[in-house]
Every structure is written in C-alpha cells, then in structure tokens.
Amino acid sequence: MRIAVMTDSTAYIPAETRKELGIHMVPLSVVFGDTSYQEEIDITTEAFYQKVREAEELPKTSQPSIGYITEKLTRLAADYDAVISIHLSSGISGTCQAVASAGEMVEGISVYTYDSELSCMAQGFYVFEAVKMAKENKTPEEIMARLDEMKQSMRAYFMVDDLKNLQRGGRLNSAQAIVGSLLQVKPILHFVDKVIVPFEKIRTRKKALNRIVGMLEDDISKGKALKVVIIHANCEEAARELQQEITEDHPGLDIMISYFGPVIGTHLGEGAIGIAWYAK
C-alpha cells in the first residue's frame, strides 16, 4: 500500500528535511493588514519576527482553505492509496477538521487525519514516526495506533515572556492574561484537552525554565530513552545554551533544537521557549 505522510506548516519541519523524507505539507498563513503570507513558503521566521517588531498591530493567522487542501489531496491520489495527515491541535485551529472534510470530497485516496493535540516539533515527532513506519510498509491502522502510543508519553511545556499575544489572539482567556501581567510572572503553559492552559506561574524566566527542565529530568530518571526538542521564538542562543546545560548533565540524550515559526510565534510572542519530549 502506497502511503503518503502530510502535515501542516506549524510542525516547522525544515524544507530540506521535508524534501529528503518525502513529507507533504499544507501551509497556514499570517496576515499583516491586507497581505497574507504562507509560512515556510512566502516568509521566513526571521523576517516574520522583524515584521512584527515594525508592525503597529499583531498579524492574524489563518488555516489553509478547503479548496487548497482538496487540490493537494487530489494530486496525492495520483500516486498514493492513503495519506496519514498529522496536524496541530484542533483546539487552536480548524486545520485538522478541514483536512478531514476535504478528504471526504477526494476520490481514490483514503485520508487518515491525526490530531496531535499540540503543535510545533512535538507534532513533527509524530510525522517522523509515520514516515518511518510508512517506509516499513506498515498499514495506516498500525501507524495510527503507534501515534496514539506515542501520545501517552508526549510532554510539552513552554514559557512565554508576555501573555498579551495569547490573550489578543483568543488562545488564552483574558482573566488569566491580566493576572499574569499584574504579577509579572513567567507562566509555564501546556496543552490540556487540546487547548493552551497555564500549568504553573513562576516569577522569573530562569526559574520557569528550571522547572521545565526538572520535569524532563524526572522522566529521564525513569530510564526510558527519550527524544527531546527545545523550541524557541527567535532566541536561538538561549536555546543552544539550554541544550548544552542539559547535555552536560545527561550525556547521550537525544536532544534537538527547533523553533516557533510565524503562526505559533504570533500567539506566543518573541522570546518564548519550550521543551517537548516523548519515550522512543
């Protein structure tokens, strides 16, 4: 069975990696005024953060249209029998549902949508596993079952410098944002039931990062091999320093660095940093 693997741009899998692994992608967009940019295609992450600094107001974000997705699936149907399509949490975007709806309109290909229930490279981990299993000639059902298994150990926590973006974008309720800004806390956030909620409120950036690292170390101490990613919003140097600190304490840990691109960066704001991991 010929199985394609598709995701959306918020997995932030670099173009060269997508090409090398044969990963198909549908882009979400950021909209500045009247101009829309497909992330990972029309605008780089660096250019995006620069543009945000210069803009008078935050950009808006939008999911790919059903028409765009339908065209993509129709092209895939020429070469594949099925597609595993892995997307950012349905609690913060309608992308996963849009792909499911488009899949019902396209003949000749079976579309299996998977709600990662989070985003960014944590979502990418599911994509990489699906690619590996598709190459091993696993069935779509076997792949989906494995993704569910991964979800049991998947953890993702992130810290934002300023809650205003999340509040203005409607991804965090106003009361939580106001409390956070009054106390000048650095909240640790995570996904629960597909939406972003506060995990803990901590007074300083360093303490917040130490708390997240502490939770990672708790899982490391259980003896399972972990795959780890540090994700940053235009603060790569801080991410590399954190990677070095963790690696010094845990040599041999499988740890990589990724980024919050335009769509997720719109909501989290520059300076956000997070860590995600799962048991391999």
Side-chain angles (χ1 to χ4, degrees), residues 7 10-14 17 21 86 88-89 114-133 136 143-161 185-261 264 268 271-280:
T7 190
T10 69
Y12 302 121
I13 299 170
T17 304
L21 297 178
I86 299 162
L88 78 164
S89 177
Y114 193 78
D115 185 348
S116 73
E117 301 189 15
L118 31 70
S119 189
C120 302
M121 187 48 74
Q123 172 185 333
F125 286 158
Y126 292 115
V127 178
F128 294 145
E129 186 72 9
V131 168
K132 172 176 164 286
M133 293 184 72
E136 294 169 350
I143 296 172
M144 297 289 276
R146 169 60 185 145
L147 301 186
D148 278 341
E149 183 185 344
M150 286 174 62
K151 191 173 278 185
Q152 300 308 306
S153 66
M154 188 71 72
R155 302 285 180 267
Y157 298 92
F158 46 101
M159 181 218 69
V160 295
D161 262 351
V185 298
K186 300 296 181 190
I188 297 173
L189 306 171
H190 65 155
F191 280 89
V192 175
D193 296 331
K194 307 179 184 178
V195 297
I196 298 169
V197 298
F199 172 75
E200 214 166 89
K201 291 172 180 172
I202 294 180
R203 298 285 294 190
T204 69
R205 181 183 177 93
K206 184 171 180 58
K207 285 181 179 176
L209 288 176
N210 286 344
R211 176 72 173 104
I212 298 173
V213 171
M215 288 186 285
L216 168 63
E217 290 180 330
D218 285 345
D219 275 4
I220 291 172
S221 70
K222 294 172 185 173
K224 290 184 178 178
L226 303 180
K227 175 73 177 175
V228 184
V229 61
I230 298 170
I231 311 170
H232 68 90
N234 208 33
C235 51
E236 184 173 354
E237 187 176 335
R240 297 219 170 271
E241 287 175 5
L242 187 58
Q243 181 189 40
Q244 184 175 343
E245 288 171 17
I246 294 171
T247 303
E248 284 174 359
D249 290 336
H250 306 279
L253 183 67
D254 186 352
I255 183 168
M256 64 182 288
I257 287 179
S258 186
Y259 56 95
F260 295 116
I264 302 301
L268 298 187
I273 197 160
I275 308 179
W277 64 91
Y278 76 98
K280 293 193 281 188

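Residue indices begin at 1 and follow the sequence shown.
- Among residues two or more places apart in sequence or in another chain, the side-chain contact (heavy atoms from CB on, under 4.5 Å) test is passed with E136 by K132, M133, K138.
- Judged as a salt bridge (Lys or Arg N to Asp or Glu O under 4.0 Å), and not counting sequence neighbours, E237 has no contacts.
- Annotation: side-chain contact (heavy atoms from CB on, under 4.5 Å) contacts of E236 (sequence neighbours excluded): H232, R240.
- In this structure the side chain of T247 never reaches within 4.5 angstrom of the side chain of L253, judged on heavy atoms.
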Donor-acceptor list for residues 210-218 side chains, cut-off 3.5 Å, not counting sequence neighbours:
residue : atom : partner : partner atom : Å
N210    : ND2  : K206    : O            : 3.4
R211    : NE   : E200    : OE1          : 2.8
R211    : NE   : E200    : OE2          : 3.3
R211    : NH2  : E200    : OE2          : 3.1
E217    : OE2  : H250    : NE2          : 3.0

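- Under the side-chain hydrogen bond (donor to acceptor under 3.5 Å, both in side chains) criterion, E248 pairs with Q244, not counting sequence neighbours.
- Listed by chain and residue number, S89, S90, C96, E117, K194 satisfy the side-chain contact (heavy atoms from CB on, under 4.5 Å) test with D115 (two or more places apart in sequence, or in another chain).
- In terms of the side-chain hydrogen bond (donor to acceptor under 3.5 Å, both in side chains) criterion, residue partners of T7 (sequence neighbours excluded) are, by chain and number, Q123.
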With side-chain contact (heavy atoms from CB on, under 4.5 Å) as the test, would you mind laying out the steps for L118 and Y126 before giving the verdict?
CA-CA 11 Å; L118 31 70; Y126 292 115; 4.2 Å; yes
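- Residues satisfying the side-chain hydrogen bond (donor to acceptor under 3.5 Å, both in side chains) criterion with E241, sequence neighbours excluded, are absent altogether.
- Side-chain contact check for R203 versus K186: every heavy-atom pair is 4.5 Å or farther apart.
- Qualifying side-chain hydrogen bond (donor to acceptor under 3.5 Å, both in side chains) partners for Y12, counting only residues two or more places apart in sequence or in other chains: E39.
- Shown here are the ring-ring contact (aromatic ring centres under 6.0 Å, His included) partners of H190, two or more places apart in sequence or in another chain: Y157, F199.
- With sequence neighbours excluded, no residue forms a salt bridge (Lys or Arg N to Asp or Glu O under 4.0 Å) with E245.
- Proximity of M121 to I13: side-chain heavy atoms (C-beta onward) are separated by under 4.5 Å at one or more points.
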Distance-only donor-acceptor pairs under 3.5 Å for side chains of residues 271-280, two or more places apart:
residue : atom : partner : partner atom : Å
W277    : NE1  : D219    : OD2          : 2.8
K280    : NZ   : D254    : OD2          : 3.1

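- Donor-acceptor pairing under 3.5 Å is recorded for the side chains of D148 and Y114.
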